[in-house]
Amino acid sequence: MKLFADWTSCSACDLPPRINDDDEVVDGLQSPKKLLVCSRCKSYAYHDSTCQQRHWKSCHKRDCKEIQKALLPLQQLIAWQQMYCEGNNQPQQLKEEHPRARLWYIDTLERNQLLDNETWTRGIELWERKEYLEAVVSFQDYLDPFRRAWDQFHSSTDTTMNLQLDASKYSMCRSIVLAKRLLFCAYCELDGELVDSARQRLVHCISVLITIHSLAESDEAIRNTEDTMNDAWIELMLSMEEVPSQRIAARHVANMAISLGTILSPSADVSSLPPSPSTNVHPPPTPCRWVNALQRPGYMTSSPLVSASYVPSDKQPSWCRMLEEKWESILNEYKSLATNNLQNWLDVGSGQRGSGHDDYRVVAGQSWKEYVLFGSGARGNDNDAPITKQLLREYVPDAVLLAEKGGGEVIFSRLAAGTRIESHCGPTNLRLTAHLGLVIPKNRTDCRIRVGDTWHTWSGGKVLLFDDSFEHEVRNDTEEERVVLLMRLWHPQLSCKETTEVASRREEFLMEAMAKKEENIQKRYQPPS
């Protein structure tokens with residue numbers, strides 16, 4: 001496993017690496033000058049010391065220590081895994097001279113089995129009586145010996161300790177139970193804003209699951225751990241995304257999960273998987289099905305969907321041109337709604353619609369408001385925007401169908417002057433997002449959107465099409481409002497104009513995504529036995 005290192009722009013000025021006359025020439029092309037990465041937080045890159053100093057004064061000084069703290073459990077997991085595995089050439093061979101690395105928790109599991117189980121059972125009883133705080137304390141008491149064992153492993157300088165550890169004590173079933181308990185306690189601590197403790201539990205959980213995977217004697221035993229492994233990685237990633245000063249660390253979590261795939265499945269058949277957008281190489285199966293650290297939604301389809309972060313205008317579907325021809329009619333209806341229906345303009349993420357109800361957490365600045373045309377929270381008739389709704393039904397039925405099924409929405413989106421939408425990933429790769437520019441600030445360079453590692457700008461009457469499962473952010477650093485017609489639509493491989501088989505897959509994936517979402521909610525309220 002390794003941290004993210006593929007930085008493609010300067011953190012201070014958002015520009016790509018510079019190319020100087022004296023740079024090395026490879027295949028007739030000059031190679032760009034390598035960016036300098038902060039040696040402390042490993043999360044910001046610069047052209048030179050001047051850029052670094054400017055960024056340090058603006059925000060890096062404030063954030064650097066916070067990111068270092070967030071990376072500590074990740075670095076501990078990497079250190080454990082490096083001792084755990086022989087090396088890249090033989091990734092599944094365990095280091096026999098260091099059995100304490102792979103079985104760091106076994107002594108604790110064996111020594112305190114009876115007492116600890118009573119502690120966990122007492123926590124379940126308290127939970128069922130809705131005495132949640134007391135229950136969580138019992139769960140923490142049960143798991144604290146494992147925290148001490150993990151800390152002892154990382155603090156010890158004695159590489160010969162526990163060389164006689166009896167691996168026959170290893171119990172697959174008890175290890176799986178421990179992993180599930182670690183994950184549940186992390187859920188509780190994250191909900192209680194005990195973020196640092198929760199991250200430690202998640203790292204412990206992942207290390208236990210890696211051990212199970214390597215010592216498992218059947219594929220069935222491995223499959224029994226997959227959901228828990230995926231849930232742990234997703235929670236670890238989200239724990240980073242939800243802390244503004246540490247959000248960049250989500251890339252490190254995703255990159256570790258992806259690189260873990262080469263360790264867990266070094267010889268897997270990957271021909272059916274989509275190639276990595278950055279390398280065009282087919283990656284091995286990975287936790288959460290991620291293949292790119294910049295594309296890390298909570299739900300990835302079980303069958304691969306090839307996607308790019310951004311669709312240039314010459315590759316866009318024909319309906320984009322149809323809407324562009326009618327954009328002034330849509331603009332006029334927006335203006336009417338902006339003047340006469342003020343009570344129906346709500347803050348994004350205010351809870352009036354199911355899809356995107358957490359979007360408020362990434363808003364920084366003045367305001368981000370919406371008027372829902374299709375989807376949860378929309379009016380039951382077409383009186384508000386009859387032309388716009390008719391155009392959408394005629395030209396973009398995918399967007400209307402997806403919104404009506406609860407998988408997206410169609411809205412007028414207003415981003416106030418001086419407002420930013422912080423970097424984040426959408427919830428699924430089932431869909432694309434389209435913006436039809438309606439009101440665009442005159443200074444377009446200061447009102448822009450980054451998708452993946454590339455910045456784009458809007459134009460009035462033009463469609464901008466992208467995959468919001470990739471990391472994206474918006475900056476309106478102007479003194480004017482930005483307004484777009486925002487549409488979510490099925491991924492092109494799931495278009496409603498395709499075959500009946502594709503339509504069936506579309507329904508299957510949407511049902512799977514919604515079921516997974518509900519399942520994840522329920523897991524937070526049902527402690528494992």
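Just so you know, residue 1 is the first one in the sequence shown, and it goes up from there.
Around atom CZ of Arg524, more than 12 heavy atoms belonging to other residues, nucleotides or ligands sit under 6.0 Å away. By the neighbour-count criterion of 12 heavy atoms within 6.0 Å, atom CD of Glu193 is sparsely surrounded, having that number or fewer from other residues, nucleotides or ligands. At most 12 heavy atoms of other shown residues, nucleotides or ligands fall within 6.0 angstrom of atom NZ in Lys180.
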Show every donor-acceptor pair shorter than 3.5 Å between a side-chain atom in residues 53-61 and any protein atom, with sequence neighbours excluded, or say none if there are none.
| residue | atom | partner | partner atom | Å |
| --- | --- | --- | --- | --- |
| His55 | ND1 | Tyr46 | OH | 2.6 |
| Ser58 | OG | His55 | O | 3.0 |
| His60 | ND1 | Tyr46 | OH | 2.7 |

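Ion pairing of Arg475 with Asp14 is present here, as a side-chain N (NZ or NE/NH1/NH2) and a carboxylate O approach within less than 4.0 Å. Under a 4.0 Å N-O distance rule, the pair Lys516/Glu512 does not qualify as a salt bridge. Ion pairing between Asp398 and Arg431 fails under the 4.0 Å rule for side-chain N and carboxylate O. Look at Asp48 and Arg18 and you find a salt bridge, because one of the NZ, NE, NH1 or NH2 atoms lies within 4.0 Å of a carboxylate O, short of that distance.
Using a 3.5 Å distance cut-off with no hydrogens or angles, the side chains of Ser43 and His252 do pair a donor with an acceptor. Counting only N and O atoms by type, the side chains of Gln366 and Thr419 include no donor and acceptor under 3.5 Å apart. Arg148 and Thr108 form no side-chain donor-acceptor contact under 3.5 Å, judged by distance and modelled atom types alone. If you check the side chains of Ser207 and Tyr105, you find no donor sitting under 3.5 Å from an acceptor.
Side-chain contact between Phe4 and Ile248 is absent, with no heavy atoms from C-beta onward closer than 4.5 Å. Between Met237 and Trp290 there is a side-chain heavy-atom pair separated by less than 4.5 Å. Side-chain contact between Ser413 and Leu415 is absent, with no heavy-atom pair separated by less than 4.5 Å.
In this structure, the side chain of Thr457 does not engage the main chain of Arg448 through any donor-acceptor pair within 3.5 Å. A donor-acceptor distance shorter than 3.5 angstrom exists from the side chain of Lys42 to the backbone of Ser39, with no hydrogens or angles considered. In this structure, Trp458 contributes its side chain and Leu436 its backbone to no donor-acceptor pair below 3.5 Å. Distance alone, capped at 3.5 Å, places no donor-acceptor pair between the Arg289 side chain and the Val291 backbone. Between the side chain of Arg482 and the backbone N or O of Asn476 there is no donor-acceptor pair closer than 3.5 Å. Under a 3.5 Å cut-off, the side chain of Gln81 and the backbone N or O of Met1 do form a donor-acceptor pair. No donor-acceptor pair closer than 3.5 Å links the side chain of Gln200 to the backbone N or O of Pro73. Using modelled atom types, one side-chain atom of Asn429 and one backbone atom of Thr301 make a donor-acceptor pair closer than 3.5 Å. The closest donor-acceptor contact from the side chain of His435 to the backbone of Val463 lies at 3.5 Å or more, if one exists at all.
Closest of all the heavy-atom pairs between Ser49 and Leu36 is N-CD1, 4.4 Å. The heavy-atom pair separating Arg247 from Glu422 by the smallest distance is NH1-CB, 2.9 Å.
Taking the six-membered ring where tryptophan is involved, the planes of Trp150 and Phe153 are tilted, since the angle between them lies from 30° to 60°.
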**Request:** Begin with the C-alpha distance, continue with both residues' side-chain angles, and end with the deciding distance and a verdict on side-chain contact (heavy atoms from CB on, under 4.5 Å) for Leu209 and Ile212.
**Result:** CA-CA 5 Å; Leu209 292 168; Ile212 293 170; 4.1 Å; yes
**Request:** Determine, step by step, whether Asp477 and Arg420 satisfy the side-chain contact (heavy atoms from CB on, under 4.5 Å) criterion, reporting the C-alpha distance in whole Å, the side-chain angles of both residues, the deciding distance to 0.1 Å, and the verdict.
**Result:** CA-CA 8 Å; Asp477 295 330; Arg420 292 187 174 188; 2.9 Å; yes
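Each of Glu242, Arg296, Glu471, His472 was checked for a side chain to side chain contact (heavy atoms under 4.5 Å, CB included) with His424, and the lone residue meeting it is His472.
A distance of 6.0 Å or more separates the ring centres of His204 and Trp80.
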